[in-house]
Amino acid sequence: SRLRLPLWDYCKHRFVQSTNPPIDALRESHVMSRKVYLGTAAVNSPLLDAGQLRLLQKELGATERILFTFPAEDGVEAAKATLARMQETIKAASAHPPGMILLTDRGVGTRQVALPALLALAAAWKAMVEAGLQETPLVIESGQVIDTHHVALLVAAGASAVFPYLALEQAAHLKPG
């Protein structure tokens, strides 16, 4: 196919892994947890909704909001510049560390496009580690996140939590049955 695959698709295993006996998170809750600690705050899952994100922003204080979008007409050079701008913003934030860094692709449209969320997050995490901000919670707000594999990859790449706003908005409009 001549269609380009999303970055997510290059990160899939092509094998089945099983445990014996099967892992049962409900019955083994004393050793398994999805709880995530973000600075002084804690949430029950790395998957956030809008209300939880607002509460985190209140509880953690100053939020450094970083867009990972760029004008579509400017092409690859704008994408490279967006990555560089993100990294510079994070390095500058190390002078007065924020309570949380929020990466977002809100505002995507016909003229404004986003970097792949996984690429943006990995670049941001690398810049945070280089700037000594690895203890600062990194939350990503993206419309690109549509399945659990995406959430798992983002958490593995450094996200403290994920807010899949578009998936949640679409789910809210589904009719039962």
Considering all heavy atoms of both residues, which atom of [X] and which atom of [Y] are nearest to each other, and what is their separation?
X: L103; Y: A124; answer: CD1-CB, 3.6 Å
X: A114; Y: Q144; answer: CB-NE2, 3.6 Å
X: L83; Y: A123; answer: CD2-CB, 3.6 Å
X: L118; Y: L154; answer: CA-CD2, 3.9 Å

Next item on the list: Starting from L168, walk the hydrophobic network (Ile, Leu, Val, Met, Phe, Trp, Tyr; side-chain heavy atoms closer than 4.5 Å) and list everyone else you reach, by chain and number.
Entry: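 Members alongside L168: V36, L38, V43, L48, L53, L56, L60, M100, L102, V139, F163, Y165, L166.
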Notebook entry, point to check: Within the side chain of T69, is there an N or O that forms a donor-acceptor pair under 3.5 Å with the backbone of V108?
Noted result: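 No, the answer is negative, given that no donor and acceptor are paired below the 3.5 Å cut-off.
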Next item on the list: Evaluate the salt bridge (charged side-chain N to carboxylate O under 4.0 Å, His left out) criterion for residues R106 and E141: first the C-alpha distance (whole Å), next the side-chain angles of each, then the deciding distance (0.1 Å), finally the verdict.
Entry: CA-CA 8 Å; R106 285 214 188 245; E141 172 185 51; 3.0 Å; yes
Note to self: Under a plain distance cut-off of 3.5 Å, with no hydrogens placed, do S142 and D105 share a side-chain donor-acceptor pair?
What the structure shows: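 A donor-acceptor contact under 3.5 Å links the two side chains.
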Hey, are the side chains of [X] and [Y] touching, using non-hydrogen atoms and a 4.5 Å cut-off?
X: F68; Y: L121; result: no
X: L133; Y: I101; result: yes
X: H150; Y: P164; result: no
X: Q134; Y: T136; result: no

Next item on the list: Output, in order, the C-alpha distance, side-chain angles, deciding distance and verdict of side chain to side chain contact (heavy atoms under 4.5 Å, CB included) for M128 and K91.
Entry: CA-CA 7 Å; M128 288 175 68; K91 288 176 185 171; over 6 Å; no
